[in-house]
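Just below is one structure, and these are the notes that go with it.
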Amino acid sequence: MMIMPKLGKLPPFFLSCLLLTIIFIVFILCSPNPFNPISKSDLHQTLALPNSTSHGDDDDETLKCDLFKGEWVPDLQGSLYTNWSCSTIPTSKNCFHHGRKDTEFLKWRWKPHQCQLPRFDPKTFLEFVQGKKLGFIGDSVARNHMDSLLCLLSMVETPVDHYKDSEDRKRVWYFPGHDFTLMILWTKFLVDGEERVINGSASGIFDLHLHKIDKKWTTDLPVLDYIIISDAHWFFRTIYLHNDTGVVGCVYCDHPNVTDFGVGFALRMAFRSALNHINRCRECKARVTLVRTFSPAHFENGTWDTGGICNRTSPLSEREIKLTSNEWELRSLQMDEIEKANIEGNKKGTKFAALDVTKAMLMRPDGHPGEFWGNKWMNGYNDCVHWCLPGPIDAWNDFLFEVLRRKVT
């Protein structure tokens, strides 16, 4: 039987080879991709990202941190799901299905300046909302957000498609393993609004009754435990504003006897009416209402109907965005209305908070479907309003979970 020599008596050359082999194995095991070089900048940003989704000793730091002041940093992990692993993505948001080739827009993650934002953990989220009902109230961008959340949660449990109306405007999903209900309650303006019909055809002109809430969402309001409310893009058209006495103003109108108050005024009044209704709803049980702030469009070289495009493939930096823009003005008035609702809500035990996504999304002109949305009825038009799935909109759920956690616990 051959007796192995002791390690200390190994020949120097053999010992050197053994040590090099051990170092190489450790390198292979510890490196995320040892054959894909990482720049010093990327490595610094990657190391700055949280290594887990747990909420532990850093809670105090995170609770004091403004989650919405930050920047997009490189993220080697990328999206938690793909366009083929999630079967519920609407075809118009499935950008890869319609021919988008670049994937760099998926490799960024939002990093607050003063803390770490925990990565969304679908398992922990479902445990957090077990036995509850969460509703998105708003337009098609609100639906876009719900579809993002649905894809993330589907990684843990396959939801049951519980209800869909004839226009796919109201949609309800149920997670039986967690007794959790997720729904979208679609509304153009939050308040009651109808389009004028002229000579039997839709005119594109709307009448908004600021003192009346849209019953399309208020009917289901009492069953909700958590609310995410948003709206804006429908206000960029000709609108006549009414109160209980008649027409009080307009938006984008050219009428000599009616004052054009602008989009901001109409949006403010609609949110004020909606948040007041939630605050004063006696039969409602909602614990927390979150207002998702304005989600900017990124049309360049024109508007949606004049050849505007959005074909960028990487984010903008903080220096490249303008916080004096119309988008920021709309965000600011929404923040004002949240604060007013919170003051009244504190007297009644209801809580309001912001999902302040505006700054983060001003930096993401690369995340829209653009030409890759497959709409045969609007062939040739670009979608620079909604967001690809997967895509930057998934970060809204990182915000959502952290803000809910702050408000509920």
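Source: prediction; values computed, not measured.
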Under a 3.5 Å distance rule, please check whether Thr181 uses its side chain to pair with a backbone N or O of Tyr174 as donor and acceptor. no
Counting only heavy atoms not in Tyr81 (residues, nucleotides, ligands), do more than 12 fall under 6.0 Å from its OH? yes
Do the ring planes of Phe236 and Phe294 sit parallel (below 30°), tilted (30 to 60°) or perpendicular (above 60°)? tilted
Please say which of Tyr252, Phe189, Phe261 ends up in a ring pair (Phe, Tyr, Trp, His ring centres under 6.0 Å) with Phe235. Phe189
Rounded to the nearest 0.5 angstrom, the CG-CD1 distance for Asn276 and Ile213 is 8.0 Å
State, to 0.1 Å, how close Arg196 and Asp207 come at their nearest heavy-atom pair, and which atoms those are. NE-OD2, 2.8 Å
Note, Met183 side chain near Leu224 side chain (heavy atom, < 4.5 Å): yes
Does the pair Arg119/Asp121 count as a salt bridge with the N-to-O cut at 4.0 Å? no
Asn346 side chain to Asn342 main-chain N or O, any donor-acceptor pair under 3.5 Å? yes
Work out which heavy atom in Phe175 is nearest to a heavy atom in Glu157; give both atom names and the distance. C-OE2, 3.2 Å
Could you label the plane-to-plane angle of the Phe125 and Phe120 rings as parallel, tilted or perpendicular, counting under 30° as parallel and over 60° as perpendicular? tilted
Steps toward side-chain contact (heavy atoms from CB on, under 4.5 Å) verdict (Leu290, Leu404): CA-CA 8 Å; Leu290 305 182; Leu404 269 183; 4.1 Å; yes
Hey, do the aromatic rings of His162 and Trp173 have their centres closer than 6.0 Å? no
Does Asp394 use its side chain to pair, donor to acceptor, with the backbone of Gly391 at less than 3.5 Å? yes
Would you say Lys322 and Leu362 make side-chain contact, with heavy atoms under 4.5 Å? no
Where the side chain of Ser273 meets the backbone of Leu210, is there a donor-acceptor pair that is under 3.5 Å apart? yes
Can you tell me how far the CG atom of Leu150 sits from the CG atom of Leu182, to the nearest 0.5 Å? 6.0 Å
Run the side-chain hydrogen bond (donor to acceptor under 3.5 Å, both in side chains) check on Thr245 and Asn243 step by step: do they pass? CA-CA 5 Å; Thr245 64; Asn243 64 13; 2.5 Å; yes
Show the nearest heavy-atom pair for residues Thr313 and Asp366, with the distance to one decimal. C-CB, 3.5 Å
Is the shortest side-chain heavy-atom distance between Asn279 and Phe352 below 4.5 Å? yes
Work out which heavy atom in Ala395 is nearest to a heavy atom in Trp72; give both atom names and the distance. CB-CH2, 3.8 Å
Taking His368 for its side chain and His386 for its backbone only, find out whether a donor-acceptor pair lies under 3.5 Å. yes
Worked verdict on Trp108 versus Arg364 for side-chain contact (heavy atoms from CB on, under 4.5 Å): CA-CA 10 Å; Trp108 299 88; Arg364 296 308 306 266; 3.8 Å; yes
Would you say that Asn144 contacts Leu389 through its side chain, given a criterion of any heavy-atom pair below 4.5 Å between the two side chains? yes
Do you know which two heavy atoms are closest between Asp225 and Gly131, and how far apart they sit? OD2-O, 4.5 Å
Interatomic distance, CG@Leu152 vs SG@Cys86, rounded to 0.5 Å, equals 8.0 Å
Quick check with a 6.0 Å cut-off and a 45 degree axis cone: is Lys359 positioned over the face of Phe68's six-membered ring? no
Check whether any side-chain heavy atom of Arg237 lies under 4.5 Å from a side-chain heavy atom of Lys188, and answer yes or no. no
Does a salt bridge link Lys111 with Asp75, judged by any charged N lying under 4.0 Å from a carboxylate O? no
Derivation and outcome, side-chain contact (heavy atoms from CB on, under 4.5 Å), residues His277 and Leu190: CA-CA 11 Å; His277 179 83; Leu190 300 177; over 6 Å; no
For Glu344, run the salt bridge (Lys or Arg N to Asp or Glu O under 4.0 Å) check against Lys340, Lys348, Lys347 and tell me which one passes. Lys348
Value for CD1 (Ile229) from CZ (Arg292), rounded to nearest 0.5 Å, stands at 11.0 Å
Could you tell me whether a side-chain N or O of Asn382 sits under 3.5 Å from a main-chain N or O of Glu371, the two making a donor and an acceptor? yes
Measure from the ring center of Phe299 to the ring center of Trp304 and say whether it is less than 6.0 Å. no
Taking the inter-plane angle between the rings of Phe96 and Phe105 on a 0 to 90° scale, is it parallel (under 30°), tilted (30 to 60°) or perpendicular (over 60°)? tilted
Under 4.0 Å between a Lys/Arg side-chain N and an Asp/Glu carboxylate O for Glu327 and Arg331? no
Lys69 side, atom NZ; Asp356 side, atom CG - distance, nearest 0.5 Å: 9.5 Å
Under a 4.5 Å cut-off applied to non-hydrogen side-chain atoms, are His233 and Val141 in contact? yes
Do Trp387 and Ser295 pair up side chain to side chain, a donor and an acceptor below 3.5 Å, judged on atom types alone? yes
Under 3.5 Å: donor-acceptor pair, side chain of Ser79, backbone of Thr82: no
Closest approach of Gln130 and His178, non-hydrogen atoms and distance? CG-O, 3.1 Å
May I ask you to check whether over 12 heavy atoms, not counting those of Lys285, lie within 6.0 Å of atom NZ? yes
Salt bridge present between Asp161 and Arg171 (N-O < 4.0 angstrom): yes
What do you reckon, is CG of Asp305 surrounded by more than 12 foreign heavy atoms closer than 6.0 Å? yes
Does a side-chain heavy-atom distance below 4.5 Å link Val172 with Lys170? yes
Lys/Arg N to Asp/Glu carboxylate O, Lys133 vs Asp220, below 4.0 Å: no
Any side-chain heavy atom of Leu67 within less than 4.5 Å of one from Cys115? yes
Determine whether the aromatic ring centres of residues His97 and Phe372 are separated by less than 6.0 angstrom. no
Are Asp260 and His255 close enough, and set up right, to give a side-chain hydrogen bond (donor to acceptor under 3.5 Å, both in side chains), and what steps lead you there? CA-CA 8 Å; Asp260 189 336; His255 197 291; over 6 Å; no
Any donor-acceptor pair under 3.5 Å linking the side-chain atoms of Asp192 with those of His211? no
Working to the nearest 0.5 Å, report the span between CG of Asp214 and OG1 of Thr187. 3.5 Å
Run the side-chain contact (heavy atoms from CB on, under 4.5 Å) test on His98 and Thr91 for me, step by step, so that the C-alpha distance in whole Å, both residues' side-chain angles and the decisive distance to 0.1 Å come before the verdict. CA-CA 8 Å; His98 294 293; Thr91 183; 3.1 Å; yes
